[in-house]
Amino acid sequence: MMASSVPRAGCSARCARYMATSSLDMSRLRDAPVPALSHRRAPPSRHVNRKSTWYTASTAADTPEPRTSGAASGKQKLTYDGIIFDMDGTLSVSVIDYALMRDSLEIPEGDLFTVIETWDDGNRILESMDTILEIEDVAAKQTQGMPGVTELLTYLKDQDVKVGLVTRNTAYSVDMFFQAIGEHHREVFDIVMTREFRYVKPDKRCLLHFAQKWGIPASKLLMVGDSTEDVECGNAAGTASCLISGGGNEVNAEKARPLVGTVPSFTVDTLGELLERLEMRDTSVTPLGWEAVTEEERTARAQAAAYESDSDEEYEIALDAGMPFNGLDFFNFLFGSGAIEPPACSFPRLRSTIIKERVDDLHPGMKVLHLGCGDGGLTKMLFSAGLNVCGADISPDKARKRGLATVTIEEYSGTAISTAIKNQINTAVFPELGGFDAIVFFEDDNSAALASALFESGERSRKMLDALKPLVKPGEGRFVFQISNPPTGEVRASESWLLVDEEVDSRWGVSRCVLRARS
């Protein structure tokens, strides 16, 4: 029997609907204060086979689960030790009306969650999530399995492989999916993770959670999905990634070359084709995650792709297959060095619509200015991890199309950067001058000119560094960067900044530094 879902007085329709669909025991929680996010836990759905672990609003312990030997059970191993599936458009036919959703929310482009998280009006966020829920509820009642899904799940049940599900949809929609394909298929899944969990795609932590719980290296996992966010998440986490072509989630109609970090390890047209590849148990057709792939293997595959298509561009795209966004090592350094505090969850304001009855107008995450944001790959991953990030570049159009907040810099000078922030920033979301917690900069081919202005020896560099200091909080703001050369004397002797941490990565010949604004 379903647990009571009567909301406490004043609870919105959105809150009530989430309480019902998440199968929370509201008789326990109805009159209690909202507990700390890290301690909130929901019991499994009423249909859950007890072999599965469900992560909805809960935060599960991070103790790895013991693995069962396949040899002992007579099951055969696949290329992968674990496979994680998206749901809508991957395992189920996508019937969500994204066109209606975008029209209703007035979001013509960009990742929906990313755009909504940037808004400066908490009530607007609540109302928009109500709209999304209503559209999702209609779609959930029409759920049907993707052709080939039952054959694939039946096959995986008999293999030595962990199986998981990660979706940005709700627990209710997952229930309707299993109701449509047969409840007995639920037992195939060891972990089911919905958007009520603390980590949400494309935040790589959601997939790393699977790796940690299962005790499996990320490179031995496969992420299967039909959207850019699925591929981005898998590539960033270090898993292999499989794109279900035309699965039904929003298809990018543009023929432009895909951005780095969004190219899957391999693509299939159907679940049947994926099953055929898995049955081969061959890394040439089901490659491992990028950390387990040698440079020689990547080059050979790229050459084969170029030969088959007779296209030099296909060679470059194939080299990017399964690879993460530019700046992953720098991303890890930001959190590992302590320069940036790791947020407790992805999209904290959207998460507030699930566990609270109101959303603050101000984003709770650290406020970060990403100089030289380029195509927005690094910016988006920082933002989806729970930070409040604004990108800045001479041409930030690609980052803006991802749904990110950006400002346009007229030229690479300290004055131009300050002027852009002052005139273009949305002060309802971001601070005025002097309010950023951190400035971050990652040097790559696209940001080399800005790196030259910032870090080449001379008066220009000193003026640039001096001009950046007023953008951050006095005495505590940070400037964190990765450059291709050791920091110059202007950096080390700066009267505006104090060098507090430095790391040299000999693999790539780069330096990563943390500066703190002087009082």
Exercise: do [X] and [Y] side chains pair donor with acceptor under 3.5 Å:
| X | Y | value |
| --- | --- | --- |
| Glu443 | Ser484 | yes |
| Trp508 | Asp329 | yes |
| Ser395 | Asp393 | no |
| Thr131 | Ser128 | no |
| Arg281 | Gln159 | yes |
| Thr406 | Arg400 | yes |
| Asp501 | Ser337 | no |

Could you check whether any side-chain N or O of [X] sits under 3.5 Å from a backbone N or O of [Y], counting only pairs where one atom can act as donor and the other as acceptor?
| X | Y | answer |
| --- | --- | --- |
| Gln424 | Ile421 | no |
| Asp444 | Ser447 | yes |
| Ser241 | Gly234 | no |
| Glu503 | Ser511 | no |
| Arg198 | Ser346 | no |
| Arg277 | Val285 | yes |
| Arg205 | Tyr199 | no |
| Ser452 | Ala448 | no |
| Glu308 | Ala304 | no |
| Lys201 | Arg195 | no |

Heavy-atom side-chain contact between [X] and [Y] under 4.5 Å:
| X | Y | answer |
| --- | --- | --- |
| Asp360 | Arg349 | no |
| Leu271 | Ile244 | yes |
| Thr286 | Met280 | no |
| Tyr412 | Leu371 | no |
| Pro108 | Arg102 | no |
| Phe441 | Ile483 | yes |
| Phe325 | Asn235 | no |
| Ile439 | Val472 | yes |

| task | Verify whether the ring centers belonging to Phe481 and Phe479 lie closer than 6.0 Å. | result | yes

| Taking everything shown except Glu279 itself, do over 12 heavy atoms lie less than 6.0 Å from its CD? | yes

| Is atom NZ of Lys398 surrounded by more than 12 heavy atoms (other residues, nucleotides or ligands) closer than 6.0 Å? | no

| task | Go through Lys380 and Glu229 one step at a time and tell me if the salt bridge (Lys or Arg N to Asp or Glu O under 4.0 Å) criterion holds. | result | CA-CA 10 Å; Lys380 182 176 179 180; Glu229 281 66 40; 2.6 Å; yes

Quick one: [atom1] on [X] to [atom2] on [Y], what's the gap to the nearest 0.5 Å?
| X | Y | atom1 | atom2 | answer |
| --- | --- | --- | --- | --- |
| Leu350 | Ile354 | CG | CD1 | 8.0 Å |
| Asp175 | Thr170 | CG | OG1 | 8.5 Å |
| Arg402 | Thr114 | CZ | OG1 | 9.5 Å |
| Tyr315 | Arg301 | OH | CZ | 13.5 Å |
| Leu378 | Phe330 | CG | CZ | 7.0 Å |
| Glu341 | Leu334 | CD | CG | 13.0 Å |

Shortest non-hydrogen separation from [X] to [Y] and the atoms involved:
| X | Y | value |
| --- | --- | --- |
| Asn169 | Glu196 | O-OE1, 4.1 Å |
| Ile317 | Pro258 | CD1-CD, 3.9 Å |
| Ile125 | Trp119 | CG1-CE3, 4.1 Å |
| Pro343 | Gly386 | CG-C, 3.7 Å |
| Val491 | Phe455 | CG2-CD2, 3.8 Å |
| Ala237 | Ala218 | O-CB, 3.3 Å |

| field | Full working for side-chain contact (heavy atoms from CB on, under 4.5 Å) between Ile116 and Leu105 | value | CA-CA 9 Å; Ile116 293 172; Leu105 303 180; 4.1 Å; yes

| task | Please report the C-alpha distance between Lys473 and Asp437 in whole Å, then the side-chain angles of each, then the deciding distance to 0.1 Å, and finally whether the salt bridge (Lys or Arg N to Asp or Glu O under 4.0 Å) criterion is met. | result | CA-CA 6 Å; Lys473 294 177 178 177; Asp437 295 293; 2.7 Å; yes

| task | Output, in order, the C-alpha distance, side-chain angles, deciding distance and verdict of side-chain contact (heavy atoms from CB on, under 4.5 Å) for Leu259 and Asp320. | result | CA-CA 9 Å; Leu259 300 175; Asp320 291 336; over 6 Å; no

| Test side-chain contact (heavy atoms from CB on, under 4.5 Å) applied to Tyr172 and Glu136, step by step | CA-CA 10 Å; Tyr172 171 71; Glu136 288 174 338; over 6 Å; no

| note | Of Asp88, Asp111, Asp230, Asp86, the one forming a salt bridge (charged side-chain N to carboxylate O under 4.0 Å, His left out) with Arg168 is Asp111

| side-chain contact (heavy atoms from CB on, under 4.5 Å) assessment of Val268 paired with Cys242 | CA-CA 7 Å; Val268 298; Cys242 170; 3.7 Å; yes

| query | Between Lys77 and Asp81, is a salt bridge (Lys or Arg N to Asp or Glu O under 4.0 Å) present by the stated rule, with each step listed? | reply | CA-CA 7 Å; Lys77 293 184 69 65; Asp81 290 339; 3.0 Å; yes

| task | If the plane angle is over 60° it's perpendicular, under 30° parallel, otherwise tilted; pick one for Phe189 and Phe85. | result | perpendicular

| field | His370 vs Phe442, ring-ring contact (aromatic ring centres under 6.0 Å, His included): CA-CA, chis, key distance, verdict | value | CA-CA 9 Å; His370 181 194; Phe442 170 75; 8.2 Å; no

